[in-house]
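On a predicted model such as this, the values are computed, not experimentally measured, just so you know.
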Amino acid sequence: MAQEVRVRFAPSPTGYFHLGGARTALYNWLFARHNGGKFILRIEDTDRTRYHPDAVPFLLESLRWLGCMWDEGPEVGGSCGPYYQSDRIALYQQYAEQLIAEGKAYRCYCSSERLAALREQQHAQGVKPGYDRHCRHLTRQQIADYEAAGVAPVVRLAIPLEGETAFEDRLRGRIVVNNSELDDLVLLKSDGFPTYHLGVVVDDHLMGVTHILRGDEWLASAPKHQLLYDAFGWQMPEHVHLPTILDPSGKGKLSKRRQRGPGQEDQLTFIHEFRQAGYLPEAMVNFLALVGWSYDSETEFFTRDKLIRYFDLDRVSKSPSAFSYDKLQHMNAVYIRNLGDNDLTNRLLPILRAAGFKADFGRVLAFAPLIKERLRLLGDAVDMLRFALVDSLEYPTEDLVPRKLDAATAREILARTRTVLAALPSFQHAVTEAALRELADGMGLKLRDALGSTRVAITGAAVSPPLFESMEILGRECVLARLDEAIARLG
RNA sequence: GCCGCAUUCGUCUAGCGGCCUAGGACACCGCCCUCUCAAGGCGGAGAUCGGGGGUUCGAAUCCCCCAUGCGGUACCA
């Protein structure tokens with residue numbers, strides 16, 4: 001039987017969890033589920049200067065929200081822990097020692113000043129930048145001197161001076177680089193922490209990772225990793241470098257930071273922001289899956305189960321793709337439309353309450369079918385339902401007078417509307433609609449024109465959910481009161 | 001600079017030698033429906049497949065060169 005598939009998502013806690021990370025996590029998760037394997041979460045917190053304390057909580061929360069539960073990792077544990085690299089320091093040091101002992105790595109005592117000067121000089125001379133291997137062949141005496149001076153060394157991998165290194169990328173095929181292009185990369189920093197390169201190789205091996213799906217910014221360092229695997233005598237897992245996600249114009253990389261040009265709307269990039277804005281996790285997952293992967297020429301909507309069933313590395317794209325907020329919104333709107341009324345209401349309530357409304361379930365539920373097909377984001381409901389959740393409306397009085405009418409006419413319409421509605425035997429929308437149609441006819445007005453003032457009077461806006469249904473839910477008392485208020489304002 | 005990767009409508013994509021006068025989706029435009037706004041229906045515009053050479057009876061699909069974009073070139077991941 002084939003080896004169990006084990007994949008991992010290994011973010012660095014340096015900032016909030018963003019789109020690119022989410023896509024990578026999702027692909028790993030889908031791949032694991034598709035193959036009945038394990039999805040491991042590992043925190044690569046080896047950079048103490050860039051560490052951000054909020055990062056991990058936001059990450060875990062977002063992953064859970066997206067439904068990408070990890071089988072091993074923080075909070076759930078597992079047999080290959082610990083899952084924070086900062087808790088595995090001794091391990092990396094031990095492996096670094098081993099390579100030194102075998103002559104495959106060496107201690108480097110060069111100061112960062114010297115390295116900076118070296119780079120500057122190389123730049124000025126127009127030669128290829130890189131470490132000059134100053135410490136690769138130090139004498140016993142030189143080493144003793146450095147040690148005596150208390151210089152804290154780094155550990156560097158001794159890259160073969162000649163030959164080439166090749167590895168296989170699942171998507172791009174065989175990639176070969178000349179070893180002369182490769183630097184003696186740092187494995188262990190002078191503070192004793194591993195660099196990404198050492199940490200990732202040691203952990204992926206120790207954790208039994210079989211496939212590495214990661215962003216293609218790593219493609220260039222894969223040959224170095226191959227050399228590291230070779231140095232340890234380990235087999236390198238299969239690599240899949242996922243294409244970059246570009247900004248909506250398709251011209252630049254999607255910034256992790258807020259990118260906002262003149263006249264441009266805010267572009268969300270952090271997962272918790274999408275959640276706050278009212279995106280559904282199922283829409284998010286569906287859409288994210290399609291950024292760099294496709295099933296066929298037409299299918300775009302997939303349930304989670306279908307995604308798991310269909311996800312296939314062979315259909316992952318090689319080229320970068322722009323992130324289309326328009327399309328995400330469209331997809332979100334479709335998902336919202338397909339929600340049951342109860343479900344939608346439950347998702348709306350926390351948002352409405354957060355916006356300051358004392359929204360009760362029954363009222364929101366009643367409006368759910370009315371607003372469902374008008375929402376693109378759950379958050380749209382805040383403005384859409386304001387009139388239904390608030391005691392008194394706020395709107396400029398002049399809004400009561402539609403463009404083609406004058407104030408006196410508007411007032412007359414409102415007054416007659418009030419009279420008609422007050423006299424009706426029932427307030428069901430079919431009844432009120434019939435009555436107001438008749439009224440409009442009698443006044444020689446089109447319904448749409450006759451309703452203009454009334455809509456503003458009842459909802460405070462010229463655009464609203466269907467008026468008659470809304471009035472039925474609000475109830476006669478509320479409707480008449482609002483009409484009175486409007487009439488008074490025009491009087 | 002050097003190394004690597006990528007290149008089909010504005011955007012996401014289908015396409016893996018003939019089914020392509022290149023299909024679908026978002027966005028856009030028009031019409032219909034309509035109490036506003038949506039939703040929905042119908043239709044439209046939009047890609048000489050980055051450019052140039054080959055290979056082949058035949059290329060978006062295979063090969064080479066160029067251009068452009070992106071990534072890497074850290075004691076950051």
Side-chain angles (χ1 to χ4, degrees), chain A residues 10-14 44-47 49-50 108 110-112 115-116 119 122-123 125-131 152-156 169 171-172 175-178 180-183 185-197 199-200 215-223 241 243-244 246 248-253 287 290-301 317-331 333-334 337 370-376 384 433 436-437 440 446-452 454-456 459 461-469:
Chain A
S12 179
T14 54
E44 309 216 324
D45 54 347
T46 55
D47 185 343
T49 60
R50 293 203 309 154
C108 165
C110 293
S111 67
S112 42
L115 295 178
R119 258 194 298 277
Q122 287 165 332
H123 182 75
Q125 293 175 190
V127 296
K128 185 161 61 71
Y131 181 54
V154 302
V155 175
R156 287 181 185 271
D169 180 90
L171 259 31
R172 297 155 219 273
I175 292 172
V176 188
V177 300
N178 207 303
S180 64
E181 298 299 328
L182 272 21
D183 239 4
L185 66 156
V186 173
L187 262 23
L188 219 49
K189 309 179 206 177
S190 58
D191 64 2
F193 276 65
T195 58
Y196 170 80
H197 306 291
V200 79
D216 76 356
E217 67 268 24
W218 294 114
L219 188 60
S221 41
H241 289 96
T244 319
L246 269 21
S249 71
K251 293 190 180 69
K253 190 181 172 190
F287 186 73
L290 259 13
V291 181
W293 173 84
S294 65
Y295 174 64
D296 61 13
S297 60
E298 47 237 39
T299 319
E300 296 193 300
F301 285 87
S317 164
K318 286 196 287 255
S319 49
S321 45
F323 188 89
S324 168
Y325 289 85
D326 279 337
K327 201 159 180 175
L328 203 217
Q329 283 209 349
H330 168 259
M331 186 164 271
V334 172
R337 254 177 262 148
L370 265 41
I371 62 171
K372 199 187 280 184
E373 66 203 20
R374 285 158 237 268
L375 296 173
R376 287 166 75 76
M384 223 169 266
E433 175 168 357
L436 292 191
R437 274 182 191 283
K446 286 183 164 179
L447 218 219
R448 58 180 303 161
D449 295 328
L451 246 32
T454 309
R455 186 184 305 280
V456 173
T459 69
V463 172
S464 79
L467 230 207
F468 302 111
E469 284 90 336

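Taking the six-membered ring where the residue is Trp, Phe323(A) and Phe287(A) present perpendicular rings, their angle passing 60° and hence far from 30°. Classified by interplanar angle (parallel below 30°, tilted 30° to 60°, perpendicular above 60°), the ring pair Tyr295(A)/Trp293(A) is tilted.
Between the P atom of G69(B) and the CG atom of Asp216(A) lies a distance of 17 Å, rounded to the nearest Å. Residue Leu185(A) contributes atom CG, which lies 16 Å from atom P of G72(B) at whole-angstrom precision.
Pairing for C5(B) is with G69(B), a Watson-Crick or G-U wobble pair whose two hydrogen-bonding atom distances lie under 3.5 Å. Nucleotide A27(B) forms no Watson-Crick or G-U wobble pair with any nucleotide shown, as no partner meets the under 3.5 Å limit on both distances. Nucleotide G46(B) is matched to nothing when pairs are restricted to Watson-Crick or G-U wobble geometry with both distances under 3.5 angstrom. G40(B): Watson-Crick or G-U partner is C32(B), with both key distances under 3.5 Å. The pairing partner recorded for U61(B) is none, the criterion being a Watson-Crick or G-U wobble arrangement whose two distances lie under 3.5 angstrom. Across all strands shown, U21(B) remains unpaired; no Watson-Crick or G-U wobble contact has both distances below 3.5 Å.
Taking for each of Glu469(A) and Trp218(A) the nucleotide of RNA chain B with the nearest heavy atom, the 5'-most of the two is the partner of Glu469(A). For the pair Pro194(A) and Arg374(A), both in contact range of RNA chain B, the more 5′-proximal nearest nucleotide belongs to Arg374(A).
For the P atom pair drawn from C66(B) and G4(B), the interatomic distance equals 12 Å after rounding to whole Å. A gap of 12 Å separates the P atoms of G54(B) and A59(B), to the nearest Å. One P atom belongs to C62(B), the other to G15(B), and the distance between them is 13 Å to the nearest Å. Taking atom P on both nucleotides, G53(B) is separated from G40(B) by 46 Å, rounded to a whole Å. Taking atom P on both G44(B) and U36(B), the two are 27 Å apart, rounded to the nearest angstrom. Annotation: C37(B) and G51(B) have their C1' atoms spaced 47 Å apart (nearest Å). A distance of about 16 Å separates the C1' atoms of G50(B) and U61(B), rounded to the whole Å. When the P atom is compared between A60(B) and G52(B), the two are found 13 Å apart, to the nearest whole Å.
More than 12 non-hydrogen atoms from other residues, nucleotides or ligands lie less than 6.0 angstrom from NZ of Lys189(A).
Residue contacts shown for Ser319(A) are limited to sugar-phosphate atoms, with no base heavy atom under 4.0 Å away. Residue-level contact check: Pro11(A) touches neither bases nor backbone, having no heavy atom under 4.0 Å from any strand. Note on Cys110(A): a base of the nucleic acid sits closer than 4.0 angstrom, heavy atoms only.
The side chain of Arg448(A) contributes no N or O atom lying less than 4.0 Å from OP1 or OP2 of U34(B). A close approach under 4.0 Å does occur between a side-chain nitrogen or oxygen of Thr46(A) and OP1 or OP2 of A77(B).
Closest approach to the Asp326(A) side chain among C26(B), U34(B), C2(B) is made by C26(B) (side chain taken as heavy atoms from C-beta onward). Of all nucleotides listed (C5(B), G23(B), C2(B)), C5(B) comes nearest to the side chain of Arg172(A). For Lys327(A), taking side-chain heavy atoms from C-beta onward, the closest of the listed nucleotides C12(B), G4(B), A77(B) is C12(B). Checked against C75(B), G1(B), G23(B), the side chain of Val186(A) finds its nearest nucleotide in C75(B). Counting only heavy atoms from C-beta on, Leu219(A) has its side chain closest to G4(B) among C35(B), C75(B), G4(B). In this structure, the nucleotide among A74(B), C35(B), G71(B) sitting nearest to the side chain of Arg119(A) is A74(B). Distances from the side chain of Lys189(A) to the nucleotides A6(B), G24(B), A77(B) place A77(B) closest. Nearest to the side chain of Thr195(A), among G1(B), C75(B), U11(B), sits C75(B). With A6(B), C3(B), A39(B) as the candidates, the nucleotide lying closest to the side chain of Glu373(A) is A39(B). Of the candidates C70(B), U36(B), C76(B), C70(B) carries the atom nearest the Thr244(A) side chain, counting heavy atoms from C-beta on.
Residues Ser324(A) and Asp326(A) have side chains that never bring a donor and an acceptor to within less than 3.5 angstrom of each other.
If you run side chain to side chain contact (heavy atoms under 4.5 Å, CB included) between Val291(A) and each of Ser317(A), Ser321(A), Pro320(A), only Ser321(A) comes through.
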List, with names and distances, any nitrogen or oxygen atoms from the protein found under 3.5 Å away from nitrogen or oxygen atoms belonging to nucleotides 40-51 of chain B.
residue : atom : partner   : partner atom : Å
G40(B)  : OP1  : Arg337(A) : NH1          : 3.1

